[in-house]
Amino acid sequence: MLAFSLVFLAALALATATRLWLAARHVAHVRAHRERVPDAFSSEISLDAHRKAADYTAARTRFAMVDVATGAVVALAFTFGGGLQLLHEVSASWLADGIARGLLLIAMVGVVSALIDLPFDFYRTFVTEQRFGFNKMTPGLFFVDAAKGLIVGAVILLPLAAAILWFIREIGEYWWIWAWALTAAYGIVVHFIAPTLIAPLFHKFSPMQDAELKERVERLLERCGFKVKGLMVMDGSRRSAHGNAYFTGFGASKRIVFFDTLLAQLGPPEVEAVLAHELGHFRLRHVLKRMAWSGGFSFVFFWLLSFLMQRDWFYSALGVASPSPAMALVLFMFVIPPFTFLLQPLGAMYSRKHEFEADRYAAQHASARDLASALIKLYRDNATTLTPDPLHSAFYDSHPPATVRIARLQKA
Ligand SMILES: [Zn+2]
């Protein structure tokens, strides 16, 4: 028993210390480069904008450190501190042993975790983002979003959890293969319905009005051989000044979504180049590849869960005296992240590889120069640092550092 307690504690301590160390490096690196715009950007980005990006990055990263440290304390409180055992006792005082009680335990852990996260999100939105002029959200909208998020999460996840608990009870030894297959299929269905059923609960979508831009985009789609269901503009400006564009759905439900903030920031040729990049992700099957990887990982995780679920030491080593399948699911969620943390650089590297590939696709089907100028505007307007700490960037960044990315585009 003690051995696994120590293994978990060591992993949690290592992951937390590494995160804090990377964050501290990042802040120091960004601050050290605060007074000079990198040469490649000196004509487009002013020293003031560069300083703002440094201060914004430092503020966000420092607060992320508080979040990381709190996360470790919360994980300890839920496990060794007896939090999960307490929630089990509450659920057991209301319901008899069974799937309903298991779901109640899972729901309570979800609600408590969401309530712990809420003040952090609030601070990020109304202090950090506010201070740098990015927040457009009102507190009312913030709480409505949080409540909707919790309800949508429950509607999506509780039926899946119920099915998994039912498999565990009815199928026996190989329940985990069924649970894995169902989870994978369910993920695909949710991905399919998200653009039309979930996203509209949070945002307003309207068809693109700008005739000139629309024509440009349609020409690009034709050139790349794409058929889509709709060109939509999303009211991102209700929440944040940060801009973005994305491409969602498969098959007949494919649609392209531009944040209104992005359209306000970029000229039509730049929007076209950004879209070409997004089409590149789709054409090169990046979404499918990521889904295949995560399907492979979740196969291993489900097997591991089925193994741990039957060991008494898994529960007792983590401060839980009442083993149950639902408790195993919940414990697993707390225990796995410190162990998978070291895989994060691989995931980030894979993502950056895809970004380079999508940039290359954009350079072939639109203009590399327009994409570079779009990215520079986005770095500037989103106050993205041009000088991240290289190690921090290698660990976390899903997108290549600005200097490397722009240099490659300028060569294309
Ligand atoms: Zn991309």
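Counting convention: from 1, in listed order, for ligands and their atoms alike. The structure displayed is predicted, hence computed values, not measured ones.
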> To 10°, measure the OE1(Glu355)-the Zn ion (ligand 1)-NE2(His281) angle for me.
110°
> Backbone or side chain, does His399 get an N/O/S atom under 2.8 Å to the Zn ion (ligand 1)?
no
> Report yes or no: does His354 have an N/O/S atom closer than 2.8 Å to the Zn ion (ligand 1)?
no
> For Trp21, which residues count as a ring-ring contact (aromatic ring centres under 6.0 Å, His included) partner, sequence neighbours excluded?
none
> Residues in ring-ring contact (aromatic ring centres under 6.0 Å, His included) with Phe142, at least two apart?
Phe122, Phe126
> Testing Met208, Glu272, Glu218 for side chain to side chain contact (heavy atoms under 4.5 Å, CB included) with Leu213, which one passes?
Met208
> Taking the six-membered ring for Trp and the full ring for Phe, Tyr or His, determine whether the centres of Phe282 and His286 are under 6.0 Å apart.
no
